[in-house]
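Residue numbering restarts at 1 for every chain, and letters A, B, ... go by the order of the sequence lines. The figures here come from the full heavy-atom set of this structure, side chains too, leaving out hydrogens, waters and symmetry mates.
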There are 2 protein chains.
Amino acid sequence: MVYLKRGELAKATDTGIETIRYYESTGLIHKAERNDKGYRLFPPDTVKAIRFIRSCQDLGFTLKEITLLQNLKIEPDQQCGQVKESVDIKINELDKKIRALTMMRKALVTMSDMCIPEASNRSCHFLELLEEVIS
Amino acid sequence: MVYLKRGELAKATDTGIETIRYYESTGLIHKAERNDKGYRLFPPDTVKAIRFIRSCQDLGFTLKEITLLQNLKIEPDQQCGQVKESVDIKINELDKKIRALTMMRKALVTMSDMCIPEASNRSCHFLELLEEVIS
DNA sequence: CTTGACCCTGTACCATACTACAGGCACGAG
DNA sequence: CTCGTGCCTGTAGTATGGTACAGGGTCAAG
């Protein structure tokens, strides 16, 4: 059978078995079908869905936001403009986040570069550096 | 007096007044001195400290991580190498995060571009698009 | 000298995102 | 046929990051 039981899905996605139930209960993944004994049977693409969820979480999205992302689709009908608007907002947010992270990265690189064993006895205070880079 | 009371600090940083007490209790900001009546008196640079905390949170750092960031200082002593190592790890993490966000941004831009009224009757699902853009 | 805005403490509560039982049925290996 | 997993349900507990009182003192303006 191509279907996965809960434990198999958990292993395949390196996720806690209870987490799967939690995701199902919140609607983050589709309700699984059940066999005659009540065991959950997940279609194999649930693996992808869960990997997507975990990746998004790593990027700082909440489960609520991830639900929105999952539902994001543009259909060329009268509602297109609305969806486009929310997509554009999301793009702006991402831009801000990317810029900020890039600045922080720069601060860290500067720090790392300053840290050469032979370097003179200057000391580096991260916060001051970061403030400089950010502002 | 240059010192700020709790409410003043809250206003200056656009933060809940109780949040300030919470940050103080967790050691995220220094314990304020008190006047003779027990009122907290915060030195003015606490404003900066709290802004720093909020910015870092926006970037997806936890309060625990922010504490670590605050303590990150490189002093040219024997521990320099160690600190450099952890800084470099953090840089790698940021790189990954920035790349992933950039890809996600690309997917959204593609979506947004597809949404032109005159465009044909194709419809666009974010997840599929993201997979395309990523791979 | 009272009224309202502020501050104090302790404690309780909230949402999010899990995580851990307890009690019970299912199933395959030995 | 039993032993060890694995699955089921419901419910309770955890950590994080706040948020909201209650009950009481402080302070300055009118």
Side-chain angles (χ1 to χ4, degrees), chain A residues 1-44 46-47 49-71 93 97, chain B residues 1-44 46-47 49-71:
Chain A
M1 188 54 98
V2 299
Y3 286 94
L4 294 132
K5 276 181 280 182
R6 188 150 61 112
E8 293 166 345
L9 183 57
K11 241 175 223 168
T13 57
D14 196 29
T15 303
I17 190 161
E18 291 295 279
T19 306
I20 309 272
R21 186 158 63 118
Y22 175 67
Y23 286 172
E24 198 200 34
S25 78
T26 61
L28 207 58
I29 56 176
H30 292 125
K31 293 230 178 297
E33 287 170 46
R34 304 297 182 103
N35 69 8
D36 55 336
K37 294 301 177 187
Y39 284 31
R40 286 173 183 80
L41 298 177
F42 292 96
T46 314
V47 173
I50 290 182
R51 293 216 179 113
F52 178 74
I53 294 165
R54 307 304 271 198
S55 305
C56 288
Q57 280 189 304
D58 282 349
L59 297 179
F61 292 94
T62 64
L63 297 187
K64 208 178 257 176
E65 289 174 320
I66 294 168
T67 304
L68 294 179
L69 282 177
Q70 284 176 337
N71 295 335
E93 284 172 19
K97 218 162 177 170
Chain B
M1 188 55 95
V2 299
Y3 286 94
L4 295 133
K5 276 181 281 183
R6 188 151 59 114
E8 293 166 344
L9 183 57
K11 241 175 223 167
T13 57
D14 196 31
T15 302
I17 190 162
E18 292 295 279
T19 306
I20 308 274
R21 185 158 62 117
Y22 176 66
Y23 285 173
E24 197 199 35
S25 78
T26 61
L28 207 58
I29 55 176
H30 292 126
K31 292 228 178 299
E33 287 170 46
R34 303 298 181 104
N35 69 8
D36 55 336
K37 293 301 176 186
Y39 284 30
R40 285 172 183 80
L41 297 176
F42 292 97
T46 314
V47 173
I50 288 181
R51 295 219 177 110
F52 177 74
I53 293 165
R54 308 303 268 196
S55 305
C56 288
Q57 278 189 305
D58 283 349
L59 297 179
F61 292 93
T62 65
L63 297 188
K64 208 177 259 179
E65 288 174 322
I66 294 168
T67 305
L68 293 179
L69 282 177
Q70 285 176 337
N71 295 337

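Not one side-chain nitrogen or oxygen of A:Arg34 sits closer than 4.0 Å to the OP1 or OP2 atom of C:dA26. Listed pair A:Lys64 / C:dT16 meets the phosphate criterion, a side-chain N or O lying under 4.0 Å from OP1 or OP2. Between A:Arg6 and the phosphate of D:dG6, there is no side-chain N or O to OP1/OP2 separation shorter than 4.0 Å. Listed pair B:Gln57 / D:dT16 fails the phosphate criterion, with no side-chain N or O lying under 4.0 Å from OP1 or OP2. Look at A:Lys5 and you won't find any side-chain N or O under 4.0 angstrom from OP1 or OP2 of D:dC7. Distances shown here put a side-chain N or O of B:Arg40 below 4.0 Å from the OP1 or OP2 atom of C:dC8.
A:Glu24 approaches A:Lys31 most closely through the heavy-atom pair O-NZ, 3.3 Å.
Nucleotide C:dC8 holds its C1' atom 10 Å from the CD atom of B:Glu18, rounded to whole Å.
Using a 4.5 Å cut-off on side-chain heavy atoms (C-beta onward), B:Leu4 and B:Val47 make contact. The shortest distance between side-chain heavy atoms of B:Ile29 and B:Phe42 falls below 4.5 Å.
Residues from residues 19-32 of chain A with heavy atoms under 4.0 angstrom of DNA chain C, sorted by number: A:Thr19, A:Arg21, A:Tyr22, A:Tyr23.
Using a 4.0 Å cut-off between charged side-chain N and carboxylate O, A:Glu18 and A:Arg21 make a salt bridge.
The distance from the CG atom of B:Leu41 to the CD atom of B:Glu33 is 7.0 Å, given to the nearest 0.5 Å.
Put simply, the residue from A:Ile20, A:Thr19, A:Asp14 that forms a side-chain contact (heavy atoms from CB on, under 4.5 Å) with A:Ile50 is A:Ile20.
Nucleotides of DNA chain D nearest to B:Thr62 and B:Tyr39 differ in position, and the one nearer the 5' end is that of B:Thr62.
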